[in-house]
Amino acid sequence: MDPTGDLLLESPADGGLTTGAVARLLGVAPTALRRVPADALAHLLAPRIEAGELGLLDLLVGLRLLRTPLLTRAERLLRTEGRADLADGLVLLDGPLRAPGTAPEDAAALASLRTPSWAPVAPADPPPLPELLDLARTGPPGRTREVLTRLVEEYAPAPGARPETELCALVEELLRHPRAGVRLHAHRASRALFDRDTHARLTALLLADPLPDVVRMAVRTLGRAAWAPALPDLVRLLDHAKPMVRSAARDAVVGFGGAAVPALRRAEAHARPDRRSLYTEVLAQITDEQVTDKQATGGQVTDGRITDGEA
């Protein structure tokens with residue numbers, strides 16, 4: 001038989017519900033129902049209340065209940081249907097320890113928390129450099145990046161001053177860190193901490209990075225800086241496995257102009273016959289650009305070198 005039909009049969013004349021009917025509806029013994037906590041009882045009745053059986057709320061009148069979205073909707077629906085007496089009988093608490101009518105107290109507590117304290121706070125002494133260096137070496141990647149940022153803020157040398165040698169050793173070590181994010185953060189810190197040549201030397205370490213994107217970034221940086229000591233490594237990258245690295249290396253080497261010719265000649269002489277075109281094509285491109293630049297002055301190109309028009 002439908003449990004709802006049982007409820008109707010066992011409902012008293014005044015429309016209330018007997019304990020036995022509700023117990024059978026919920027599948028528990030009548031004696032056990034009397035021991036069910038109020039919130040647990042509300043949870044058991046929730047599917048029926050959600051289905052529109054608002055009469056079951058009679059069982060919850062006068063009980064202290066934790067406010068839930070379902071009970072809030074049911075209370076609002078009761079008032080809409082003109083059953084304010086039943087709605088008023090529901091005691092819904094805003095939290096397990098909050099009684100009705102405590103909203104002003106809560107608002108006052110929040111306002112006091114938002115009011116800033118005017119008590120002066122003495123700044124903490126910054127940790128010494130050795131401690132920061134140790135944190136950068138031994139901490140997790142996120143902590144290492146935070147320390148690098150702090151080192152830039154607190155230990156960047158004045159223009160013309162030499163940076164701490166320990167800083168250079170740390171950055172060089174972190175440029176070989178297993179996490180790419182740390183390596184890139186160390187490279188950015190290098191630009192802020194060191195002079196042009198030191199930064200370029202450290203950037204050259206990334207030409208051997210396992211990530212092609214990082215290698216391409218290093219190639220472009222060294223190409224823009226026209227840092228001649230990197231030329232042999234840049235020429236070797238003309239034979240890199242990834243096309244994007246080869247393309248960036250070619251642009252960088254061509255940007256050096258005639259200064260790149262000796263390194264290209266040596267690489268061409270030692271290359272396998274099927275790989276020599278990598279270097280001869282770049283040599284030809286450099287020569288073509290030199291001819292274009294010198295046409296107006298009557299210059300000549302000899303073996304990849306520009307000479308004046310008059311011998």
Side-chain angles (χ1 to χ4, degrees), residues 110 112-237 240-242 244-245 247-249 251-253 255-256:
L110 289 174
S112 65
L113 289 174
R114 295 190 182 105
T115 303
S117 173
W118 298 107
V121 178
D125 293 333
L129 180 59
E131 183 177 338
L132 288 175
L133 297 177
D134 183 64
L135 284 173
R137 288 188 171 97
T138 61
R143 181 62 171 159
T144 298
R145 292 195 294 269
E146 291 175 4
V147 174
L148 283 170
T149 299
R150 187 164 186 175
L151 288 172
V152 170
E153 294 172 351
E154 298 181 5
Y155 289 95
R162 295 183 61 83
E164 299 282 350
T165 55
E166 296 90 342
L167 285 176
C168 187
L170 172 70
V171 171
E172 184 169 347
E173 180 179 336
L174 294 180
L175 286 172
R176 299 184 176 92
H177 195 278
R179 296 293 292 270
V182 174
R183 298 197 299 273
L184 292 173
H185 205 107
H187 182 254
R188 290 192 293 271
S190 167
R191 182 173 54 193
L193 289 171
F194 308 126
D195 58 81
R196 175 183 178 275
D197 284 344
T198 302
H199 177 56
R201 179 180 66 80
L202 293 172
T203 301
L205 298 176
L206 295 179
L207 294 177
D209 195 272
L211 293 182
D213 286 337
V214 176
V215 176
R216 180 175 59 177
M217 178 276 296
V219 167
R220 289 174 173 175
T221 300
L222 293 168
R224 287 193 296 267
W227 197 61
L231 264 172
D233 291 327
L234 294 174
V235 169
R236 277 194 291 273
L237 289 176
H240 194 275
K242 294 296 183 179
M244 64 177 180
V245 175
S247 176
D251 292 341
V253 171
F256 280 89

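Between the Arg196 side chain and the Ala225 main chain, a donor and an acceptor come within less than 3.5 Å of each other. The closest donor-acceptor contact from the side chain of Arg216 to the backbone of Val245 lies at 3.5 Å or more, if one exists at all.
Expressed to the nearest 0.5 Å, how far CG of Leu206 lies from OG1 of Thr221 amounts to 8.5 Å. One finds the CG atom of Leu175 at 9.5 Å from the CG atom of Leu170 (value rounded to the nearest 0.5 Å). One finds the CD atom of Glu173 at 12.0 Å from the CG atom of Leu205 (value rounded to the nearest 0.5 Å). To the nearest 0.5 Å, atom CG of residue Leu202 and atom NE2 of residue His187 are 8.0 Å apart. The distance from atom CZ of Arg162 to atom OG1 of Thr198, rounded to the nearest 0.5 Å, is 7.0 Å.
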Inset, instruction - Would you sort out whether Val171 and Leu151 count as a side chain to side chain contact (heavy atoms under 4.5 Å, CB included), showing the intermediate values? - result: CA-CA 11 Å; Val171 171; Leu151 288 172; over 6 Å; no
Legend entry - Asp251 vs Arg220, side chain to side chain contact (heavy atoms under 4.5 Å, CB included): CA-CA, chis, key distance, verdict: CA-CA 8 Å; Asp251 292 341; Arg220 289 174 173 175; over 6 Å; no
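Counting heavy atoms from C-beta outward, Leu167 and Leu133 have side chains that approach closer than 4.5 Å. In this structure the side chain of Trp227 reaches within 4.5 angstrom of the side chain of Asp197, judged on heavy atoms. Looking at Pro212 and Met244, their side chains come closer than 4.5 Å, going by heavy atoms from C-beta outward. Using a 4.5 Å heavy-atom cutoff, the side chains of Val215 and Lys242 are not in contact. The side-chain heavy atoms of Pro140 and Arg179, taken from C-beta on, include no pair separated by under 4.5 Å.
Between Leu193 and Ala156 the shortest heavy-atom distance is CD2-CA, 3.8 Å. Between Pro157 and Ala161, the closest heavy-atom pair is CB-O, 3.8 Å. Across Leu211 and Ala180, no two heavy atoms sit closer than the pair CD1-CB, 3.4 Å. Across all their heavy atoms, Leu132 and Tyr155 have their closest contact at CD1-CE1, 3.7 Å. A pairwise comparison of heavy atoms in Ala136 and Val147 identifies CB-CG1, 3.8 Å as the closest pair. Residues Ala249 and Leu234 share a closest heavy-atom pair of CB-O, 3.7 Å.
Each of Glu172, His185, His199 was evaluated against Ser190; a single residue qualifies, His199, per the side-chain hydrogen bond (donor to acceptor under 3.5 Å, both in side chains) test.
Residues Arg150 and Glu153 are not paired through a salt bridge, judged by the lack of any N-O separation under 4.0 Å between the basic side chain and the carboxylate.
By the neighbour-count criterion of 12 heavy atoms within 6.0 Å, atom CZ of Arg137 is densely surrounded, having more than that number from other residues, nucleotides or ligands.
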